[in-house]
Amino acid sequence: MPVDVILGLQWGDEGKGKLVDAIAPNYDVIARFQGGANAGHTLVIHGQKHVLHLLPSGIFHKNCKNLIGNGVVLDPVILHKEIHHLLNHDNTLTQRLYVSKKATLILPTHKFLDKVQEDSKKDKKIGSTLKGISPAYQDKIARLTLKVGDILKVNFQEKYLEIKNYHLNLCKIYPTDLQYDVEFEKDFWESIEYLKSLQLIESEIWINEILQNGGKVLAEGAQGSMLDIDFGSYPFVTSSNTTIGGVCTGLGVPPSSIQDVLGVFKAYCTRVGSGPFPTENFGDIGNLIREKGKEFGATTGRPRRVGWLDIPALRYACMINGVTRLAMMKSDVLNCIENVKVCTHYQTKHGEISDYSTDYENIQPIYAELKGWHNYDFSSLQVPETLNQYITQIENWLQIPIKIISIGPDRNQTIYQ
Ligand code: IMP
């Protein structure tokens, strides 16, 4: 049976969590394949809000197994807290949670290094979430860090000390006043003990067996395609492959098993942290959308930068990922404005182009203006005509059908076309 994929097409925060939760009952396994606790997937279930950082977004469904795959960088302290918090809501949750022994562990010194490295960038900061993501992936590639499976080995503590000392020495090359606080380690060691009690597995074998036995897997992406380490606006990116290739390397499933690729985008754009954002709106409309859409980071609380939908960038993300269907999120938010703009092309020194360009300094967005659905009340769960026109235009520009329209944060505020 196939692997379906759900991933973000913009700069993250597209609303993937809500969607995974909504369609999870169709699957046997929901699997996170990359990223770490830099993600913040917000789910609203019967009016109650939950923000998941590491747990896959199918965790609330009793018939779904949930996997944290080998491509994830796992902060045991955050995972422990997240589970502890949710156990009040459902004390059977860990029975359906599985963690890959090959997932990379985030150590307290990774988080410290993240701060030190980001601090040293002065005015060139990436805007990292400071969750230790980049240093953990750096160490994974450098082949010198610890994996989840290592916590079961007798030399774990010895190896940990070796890496910690290496990190503290490394920090000395950065000009910083930050001091490492050994207090962080108390929580770390408690969480390592807790991690041992979870179902730690050879997940690539486990997931392939499930597929061979007819099971259906949904791979859940974190962040967005434009933050991909290879295809995003480098260096203002995260440190993993957020795009389709990350599914195979982050879960150990073959490319031939991938079937449906559901690309998720918001009816407008947002970005947190630094980096180019051609359609950014600095004016009142941007502020209005930010407030209406509650565009403040789920992980860091930072206000998100807001702008119009960027079709060339979206088309690029669809191309990289081989998107088969689209889901448009937060369509209701744009009812706070009268007319809606969409960037269809870029103006360059050499004329108009319709392809995505990384020559950010020399491109200007060209917009189409469409009549909005100002003040429309979505409580009837109906799509107004002007929103239908917006959807049809986007489908024409991208040549991919929009099959899901989200009109509010709750599971039930979702229209399937
Ligand atoms: P890092 O992944 O914490 O190293 O952050 C690198 C960049 O990716 C920064 O600009 C972050 O704001 C951005 N980023 C990381 N995770 C997310 C996310 O889940 N949503 C949106 N932006 C993110």
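Note that ligands are numbered from 1 as they come in the structure, with each ligand's atoms numbered from 1 the same way. Not measured: the values here are computed from a predicted model.
Screening V217, L251, L211 for a side chain to side chain contact (heavy atoms under 4.5 Å, CB included) with V29, the sole residue that qualifies is V217.
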Would you mind writing out a table of all protein N or O atoms found under 3.5 Å from any N or O atom of ligand 1, naming both atoms and giving the distance to 0.1 Å?
{"unit_1": "ligand 1", "atom_1": "2 (O)", "unit_2": "N38", "atom_2": "ND2", "d": "2.9"}
{"unit_1": "ligand 1", "atom_1": "2 (O)", "unit_2": "T238", "atom_2": "OG1", "d": "2.6"}
{"unit_1": "ligand 1", "atom_1": "3 (O)", "unit_2": "S128", "atom_2": "OG", "d": "3.4"}
{"unit_1": "ligand 1", "atom_1": "3 (O)", "unit_2": "T129", "atom_2": "N", "d": "2.9"}
{"unit_1": "ligand 1", "atom_1": "3 (O)", "unit_2": "T129", "atom_2": "OG1", "d": "2.5"}
{"unit_1": "ligand 1", "atom_1": "10 (O)", "unit_2": "I126", "atom_2": "O", "d": "3.2"}
{"unit_1": "ligand 1", "atom_1": "10 (O)", "unit_2": "V272", "atom_2": "O", "d": "3.3"}
{"unit_1": "ligand 1", "atom_1": "12 (O)", "unit_2": "G127", "atom_2": "O", "d": "3.3"}
{"unit_1": "ligand 1", "atom_1": "12 (O)", "unit_2": "V272", "atom_2": "O", "d": "3.2"}
{"unit_1": "ligand 1", "atom_1": "12 (O)", "unit_2": "R302", "atom_2": "NH2", "d": "3.0"}
{"unit_1": "ligand 1", "atom_1": "16 (N)", "unit_2": "Q223", "atom_2": "NE2", "d": "3.3"}
{"unit_1": "ligand 1", "atom_1": "19 (O)", "unit_2": "N38", "atom_2": "O", "d": "3.3"}
{"unit_1": "ligand 1", "atom_1": "19 (O)", "unit_2": "Q223", "atom_2": "NE2", "d": "3.4"}
{"unit_1": "ligand 1", "atom_1": "20 (N)", "unit_2": "D13", "atom_2": "OD1", "d": "3.1"}
{"unit_1": "ligand 1", "atom_1": "20 (N)", "unit_2": "D13", "atom_2": "OD2", "d": "3.4"}

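For F184 and F112, the gap between ring centers reaches or exceeds 6.0 Å. For H89 and F60, the ring centers sit closer than 6.0 Å to each other.
Within the structure, salt bridge (charged side-chain N to carboxylate O under 4.0 Å, His left out) contacts touching residues 310-323 (residues at least two apart or in different chains) do not occur.
The ring-ring contact (aromatic ring centres under 6.0 Å, His included) search around Y166 returns none, not counting sequence neighbours. In this structure, the salt bridge (Lys or Arg N to Asp or Glu O under 4.0 Å) partners of D13, at least two apart in sequence or on a different chain, are R304.
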